[in-house]
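Okay, so here's the structure we're looking at.
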Amino acid sequence: MADTADIVVIGGGCHGTSIAWQLARRGAGKVVLLEKSGIASGATQWSSANIRLHYQIETLARMALYGREMFRNFEERVGGESGWRNNGYVVLLPEEEIEPARVIIEMQQRIGIDARMVSVDEITEMLPGMSLDVVAGGCAEPDSGHADGALTANSFAEAARREGAELRIGPEVGQVTAIESPGGGVRVITSNGVIESGTAVLAGGFRSAGLLAPHGVELPITPVRHTIAIVERVEAKGLDDSHATISDRVQLGYYRPSGPGLTLIGAHDPLEGEIDADVETTRRPQAEPTALLAGRFWNRFPGQAEARLREGYTGVYDCTPDFQPALGPVQAVPGLYIAAGFSGHGFKLSPAVGHLMADWILEGEPSFVDLSMFNVERFGRGELIESGGGYESRTLA
Ligand SMILES: Cc1cc2nc3c(=O)[nH]c(=O)nc-3n(C[C@H](O)[C@H](O)[C@H](O)COP(=O)(O)OP(=O)(O)OC[C@H]3O[C@@H](n4cnc5c(N)ncnc54)[C@H](O)[C@@H]3O)c2cc1C
């Protein structure tokens, strides 16, 4: 007898697991999650998992807000751990970005986000010890913070299982090799046979593009391998284990606490890294990008000149041409939905993506925001999303 499902979700990263959980808890019938390696074995496991609401696009700010509220009550709402820490988020701005930042803050305040502009003096009070020469001001989000990608995805997956979803994980049972459109429903070809399904959701990160291509659907994704440097801080006032995450828009880096005595350093620009389509391979960081990242931290914190470099790691961003994801139904394959191409800023959006994709599939449209701008067909038409408002979108504002 043919293997069947009501909904197949492809990919066990933060998005696939969040979607599977939402579908299962909302009574979507037989939900099967397919993952070729392990839960959180893609970008999710390497995520810095910063949760900030500083977006130029209001829809994304609303989605990030939904996500942050879920992270703040994760145990109660989902069950299990997410690694949530409310350490706050501070943006450092050059002069020319003060006005664009004001526009973002006004939008955030209008939609109920506690964010505000802060002066250089206020920043110095919050985070003493920084050299702020060319910083003209900043923004602060006291309620924001960070979590842990792997913990979160595993908790979503467990919650999905508790709600009755079937998890097929590993190369023997979870690898999808093709998606077919037999005319009524979706046929998912796996390493273990065929699943006839009413609906499927493709949340396979970088690999999603290859599964769409045979249908003539363009999802251009550039895989960019990012380095994360880690420093062991020297003791200093204001820079302890709960220091705010600092988004440094002058040097294009971010600095985030990462366990006892450590700060991790990442790059702002999604294209800062090497193109590497071998996304499944774990690679150690190279000396040059590590030194560049650590140099930004040392410039910013001259008192940390003695901070020691620890071994960092690398992870791959799935960058689309406008650095925004593809979300929603795939017109060329009736019954197929896509949630991929998050371009290095998707972790914080994953609770909202789960909720909204379940709305779309079960109710016909997403509930609390309009996601139509994220349609996958925009790439084929060359109609990219413009973030507007002043910052360049590729710096992930
Ligand atoms: C270094 C780094 C730092 C980041 N920092 C942040 C941050 O601070 N804040 C933030 O919000 N975001 C951040 N991100 C981005 C965020 O982590 C990603 O957007 C998010 O994890 C993407 O999740 P995903 O589920 O779409 O993809 P993935 O996590 O890549 O999951 C896709 C899954 O699909 C599986 N799969 C692929 N093909 C198939 C197939 N054919 N069959 C079955 N399974 C398949 C893969 O094995 C994988 O497990 C960062 C990313 C990186 C790499």
Side-chain angles (χ1 to χ4, degrees), residues 8-20 33-55 60 63-64 67-68 71 89 144-150 152-153 156-157 168-171 173-179 188-192 200-212 221 223-229 245 247 254 256 258 264-268 270 272-273 276 279-280 285 312-320 323-327 338-354 396:
V8 172
V9 180
I10 303 163
C14 55
H15 290 287
T17 54
S18 171
I19 294 165
L33 175 77
L34 299 173
E35 163 53 56
K36 67 180 169 62
S37 307
I39 295 298
S41 59
T44 299
Q45 73 175 308
W46 306 113
S47 187
S48 302
N50 289 308
I51 297 161
R52 46 90 185 171
L53 317 185
H54 195 77
Y55 272 107
L60 294 173
M63 290 168 73
R68 190 183 71 189
F71 282 112
Y89 193 79
S144 290
H146 65 92
D148 180 299
T152 300
F156 277 142
R168 301 186 191 171
I169 299 166
V173 292
Q175 167 100 38
V176 174
T177 54
I179 295 168
V188 181
I189 316 297
T190 79
S191 42
N192 196 34
V201 188
L202 180 52
F206 169 65
R207 298 284 171 213
S208 304
L211 291 166
L212 286 181
I221 298 184
V224 183
R225 189 170 287 274
H226 272 246
T227 296
I228 299 291
T245 299
S247 166
Y254 62 86
R256 197 212 89 177
S258 178
L264 73 75
I265 307 157
H268 248 280
E272 184 177 314
D276 182 0
V279 300
E280 283 81 8
Y313 51 89
T314 68
V316 180
Y317 283 18
D318 50 351
C319 294
T320 66
F323 306 102
Q324 301 302 343
L327 293 171
I338 178 88
F342 287 89
S343 307
H345 62 106
F347 173 75
K348 68 185 79 59
L349 305 174
S350 60
V353 168
L396 297 190

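As the structure is a prediction and not an experimental result, all values here were calculated from the model. Counting convention: from 1, in listed order, for ligands and their atoms alike.
A heavy-atom separation below 4.0 Å is not found between Gly266 and ligand 1. Residue contacts with ligand 1 include Ser41, since one of its heavy atoms falls under 4.0 Å from the ligand.
When only interatomic distances are considered, the shortest N/O to N/O separation between Trp46 and ligand 1 does not fall below 3.5 Å. In terms of polar-atom proximity, Tyr317 is not counted as a contact of ligand 1, lacking any N or O under 3.5 Å from an N or O of the ligand. For ligand 1, the polar-atom distance check finds no N/O of His226 at less than 3.5 Å from any of the ligand's N/O atoms. In terms of polar-atom proximity, defined here as any N/O pair under 3.5 Å, Asp318 makes no such contact with ligand 1. Any N or O atom pair closer than 3.5 Å counts here, and Arg207 shares no such pair with ligand 1. Residue Gly346 has at least one nitrogen or oxygen atom sitting less than 3.5 Å from a nitrogen or oxygen atom of ligand 1, judged on distance alone. In terms of N/O distances under 3.5 Å, ligand 1 is approached by Ala43. Not one N or O of Val316 is nearer than 3.5 Å to an N or O of ligand 1, by distance alone.
With a heavy-atom cut-off of 4.0 Å, Ala203 touches ligand 1 through its backbone alone. In His15, the parts holding a heavy atom less than 4.0 Å from any atom of ligand 1 are both the side chain and the backbone. At a heavy-atom cutoff of 4.0 Å, ligand 1 is contacted by the backbone of Ala49 but not by its side chain.
Of the protein's heavy atoms, Phe347 N, 3.2 Å lies nearest to atom 12 (N) of ligand 1. Closest to atom 35 (C) of ligand 1 among all protein heavy atoms lies Glu35 OE1, 3.1 Å.
The aromatic ring centres of His345 and Tyr55 sit less than 6.0 Å apart. Remark: aromatic rings of Phe71 and Phe347 are close, center separation under 6.0 Å.
Ring geometry for His15 versus Phe342: interplanar angle under 30°, hence parallel rather than tilted (30 to 60°).
Neither side chain, His54 nor Ser247, offers a donor N or O lying under 3.5 Å from an acceptor on the other.
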